[in-house]
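As structure tokens, the structure follows; a few thoughts come after it.
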Amino acid sequence: MHDPRVLKDQLATLQEQLGTRGKDIPWDQIQKLTEQRRELIAQVEDLRHQLKLGSEDVAKRKREKLPTDEVTARLRELGDRIQTLEEPLRKLEEELHGQALRIPNTPQSSVPHGTDASQNVEVRRWGTPPSFDFTPRSHDELGEALGIFDFERASKLTGSRFSLSIGLGAKLERALANFMLELHTQEHGYTEILPPFIVNRAAMTGTGQLPKFEDDAFHLASEDYFLIPTSEVPVTNIYQNEILSEEDLPIRYVAHTPCFRREAGSYGQDTKGLIRVHQFNKVELVNFTHPEQSQDALEALTMAAEKVLQALNLPYRVMALCTGDLGFSAAKTYDLEVWVPSQQTYREVSSCSNFEAFQARRAGIRYRPKKGKATHLHTLNGSALAIGRTVMAILENYQQADGSVNIPNALRSYFSETEHMITPSPKK
RNA sequence: GGAGGGGUGCUAGAGUGGACGAAUAGGCCGGUCUUGAAAACCGGAGUUCUUCACGGGACCGUGGGUUCGAAUCCCACCCCCUCCGCCA
């Protein structure tokens, strides 16, 4: 959410800054509502002031044992008038707030201009894609042959776009989660969090998933609760409506949770394998920082995510998202894309964003500076990494001609010696 | 699920219809004292909306209601605690 003062006084500037990002916003209507609100407030406040003075007069008269009937009759009428104005005012403010929650964040000036993902800018590249003297197979093909995935049976349990990992496939997920959590807690100064996987409407609104993207989330039928689409939601909202002290910052949390996404509107895309599923595991980094430190924090957070790929020796590139591809709440985002041999291209395994005060304003997360008043802090988060997609990258990049897959050195301590290579086993 | 208790500022906690935006204490900030610190003493400070400003309005879990007037009374909901029941 934007600063209400900006909405009130600099709406045109904001519209200009957002450019195509703001093309669906009813700017004129917001302008109109703002003006109406201003007028109504002036009226209501004036009447209320009169009412207050009158009430004090009644209190005084009672003390002095003077009659009050005439005054109270007049005030009753005044109260009625206030009520008739308050109702439209309440509706108006609700409407205005609803609109404000649907305006996306302003991109930082360093964000490249563009309309879609094709105009994202490569920032750097790490590692060399492996060369194979055979045609590399896709991870879903490999996994089925190795007996570690069973997508058919997964769809029997729930439906399409669910995965079922077996044996070393399941263990690989577990090893990766452990490896990532250890790396971030021991090397990067993160504190591990295990949050709820189900959150309420306020939390989803705080981080920006609601109200605009309700269709993307799984909603429980029995309660007004949602399955988390990312641990960003529960972890960022830990400090919802709180004021932290300046010396508490920065706060760095890491969480490993499943993530649930409806993937509405993605029919036909990435229908096979682990790339796009309704439930996947992810290790997520969340930062709460001083406003002046969020830029540096984004670089550090992105680097922490890159360290995972480097340790696993997976080739990747870092992309700066352009204005057209930037998420709703983000002011700046780097995507990490890992090399996928079967597709001869890089695919997203991580998205690292600085939200500046956008989420903090929605969620009411502030800090108290040493001097001055409470101010919204900055929030950031990034996947480090999406585990399913990392499994995909490992299978594909570490595959051998015979269809077996080596376990990366960095993960071997989580496996017994006989498990350092996954070899094909017939499907049961 | 049943019974009871409770949600007040940064924190603890008082306040049960009018001079209450809210006692008191702690913490915080500034000062006196001190070589420095601590202690003691003195002083200061909530959030937010509206207005160019003066000023004014709102905010005691949330939403309604009663009343001239609500932190205080009524209703509904949410959350926390204790006991009982059930349970991984």
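Just so we're on the same page: letters track the sequence lines, and every chain starts at 1. Source: prediction; values computed, not measured.
Rounded to the nearest 0.5 Å, atoms CD (A/Glu246) and OG1 (A/Thr375) are 9.0 Å apart. Rounding to the nearest 0.5 Å gives a distance of 8.5 Å between CD of A/Glu242 and CD1 of A/Ile365.
Contact annotation: A/Arg38 side-chain N/O to B/U51 OP1/OP2 distance is under 4.0 Å. Here A/Lys8 reaches the OP1 or OP2 of B/U51: one of its side-chain N or O atoms lies under 4.0 Å away.
Atom-to-atom, CZ of A/Arg366 to P of B/G46 comes out at 14 Å; the value is rounded to the nearest Å. When rounded to the nearest whole Å, the span between CG of A/Asp3 and P of B/U48 equals 10 Å. If you measure from atom CG of A/Leu40 to atom P of B/A58, you get 16 Å, rounded to the nearest angstrom. Rounded to a whole Å, the CG atom of A/Asp46 is 12 Å from the P atom of B/A58. The distance from atom CD of A/Glu45 to atom P of B/C49 is 12 Å, rounded to the nearest whole Å. B/C77 atom P lies 18 Å from atom CG of A/Asn200, rounded to whole Å. When rounded to the nearest whole Å, the span between CZ of A/Arg90 and P of B/C49 equals 20 Å. Between the CD atom of A/Gln83 and the P atom of B/U66 there is a distance of 7 Å, given to the nearest Å.
Backbone-only engagement by A/Leu51 is indicated by non-hydrogen atom pairs under 4.0 Å involving sugar-phosphate atoms exclusively. Among the heavy atoms of the strands lying under 4.0 Å from A/Val58 is at least one base atom, whether or not backbone atoms are also near.
When the nucleotides B/C68, B/G57, B/A19 are ranked by their closest atom to the side chain of A/Lys62, B/C68 comes out on top. Closest to the side chain of A/Arg368, from the set B/G65, B/U50, B/C10, is B/C10. Closest to the side chain of A/Tyr225, from the set B/C68, B/C79, B/G57, is B/C79. Distance from the side chain of A/Arg76 is smallest for B/C68 among the nucleotides B/C49, B/G56, B/C68. Of the candidate nucleotides B/G18, B/G65, B/C68, B/C68 has the atom nearest to the side chain of A/Thr72. In the set B/G57, B/G18, B/U50, the nucleotide with an atom closest to the side chain of A/Arg48 is B/G57.
Nearest-nucleotide positions on RNA chain B place A/Ile243 closer to the 5' end than the other of A/Ile243 and A/Val44. Both A/Leu75 and A/Glu56 sit near RNA chain B, but only A/Glu56 has its closest nucleotide nearer the 5' end.
Judged by Watson-Crick or G-U wobble contacts below 3.5 Å, the nucleotide B/A88 has no partner. Base pairing annotation: B/A40 forms a Watson-Crick or G-U wobble pair with B/U32, both donor-acceptor distances under 3.5 Å. The nucleotide B/U62 finds its pairing partner in B/A76, both defining distances of the Watson-Crick or G-U wobble pair being shorter than 3.5 Å. Across all strands shown, B/G69 forms no Watson-Crick or G-U wobble pair with both key distances under 3.5 Å. Under the Watson-Crick or G-U wobble criterion, with both distances below 3.5 Å, B/G4 is paired with B/C81.
Look at the P atom in both B/G5 and B/C10: the space between them is 29 Å, to the nearest Å. B/C78 sits 15 Å from B/G63 when the P atoms are compared, rounded to a whole Å. Here the separation of B/G6 from B/G27, taken at their C1' atoms, is 25 Å to the nearest Å. The separation of B/A70 from B/U16, taken at their C1' atoms, amounts to 11 Å, rounded to a whole angstrom. Distance check on atom C1': B/U67 versus B/C87 gives 48 Å, rounded to whole Å. Separating the C1' atom of B/U8 from that of B/G61 is a span of 10 Å, rounded to the nearest Å. Remark: the separation of the P atoms in B/A19 and B/A58 is 14 Å, to the nearest Å. Taking atom P in both B/G64 and B/C59, one finds a spacing of 11 Å when rounded to whole Å.
Under the 3.5 Å distance criterion, with hydrogens and angles disregarded, a donor-acceptor pair is assigned to the side chains of A/Tyr334 and A/Glu299.
A side chain to side chain contact (heavy atoms under 4.5 Å, CB included) with A/Ser351 is found for one member of A/Asp335, A/Thr230, A/Asn381, A/Thr302 and no other, namely A/Asp335.
Ion pair A/Lys32/A/Asp28 not flagged as a salt bridge, since none of the NZ, NE, NH1 or NH2 atoms sits closer than 4.0 Å to an Asp/Glu carboxylate oxygen. Under 4.0 Å is where a charged nitrogen must lie from a carboxylate oxygen, and between A/Glu356 and A/Arg361 no such pair does.
One donor-acceptor pair, N or O on each side, does fall under 3.5 Å between the base of B/A19 and the side chain of A/Arg63.
Heavy atoms only, all atoms of each residue included: A/His139 and A/Leu395 are closest at O-CD1, 3.9 Å. Across all non-hydrogen atoms, the minimal contact from A/Asn237 to A/Ala363 is OD1-CB, 3.8 Å.
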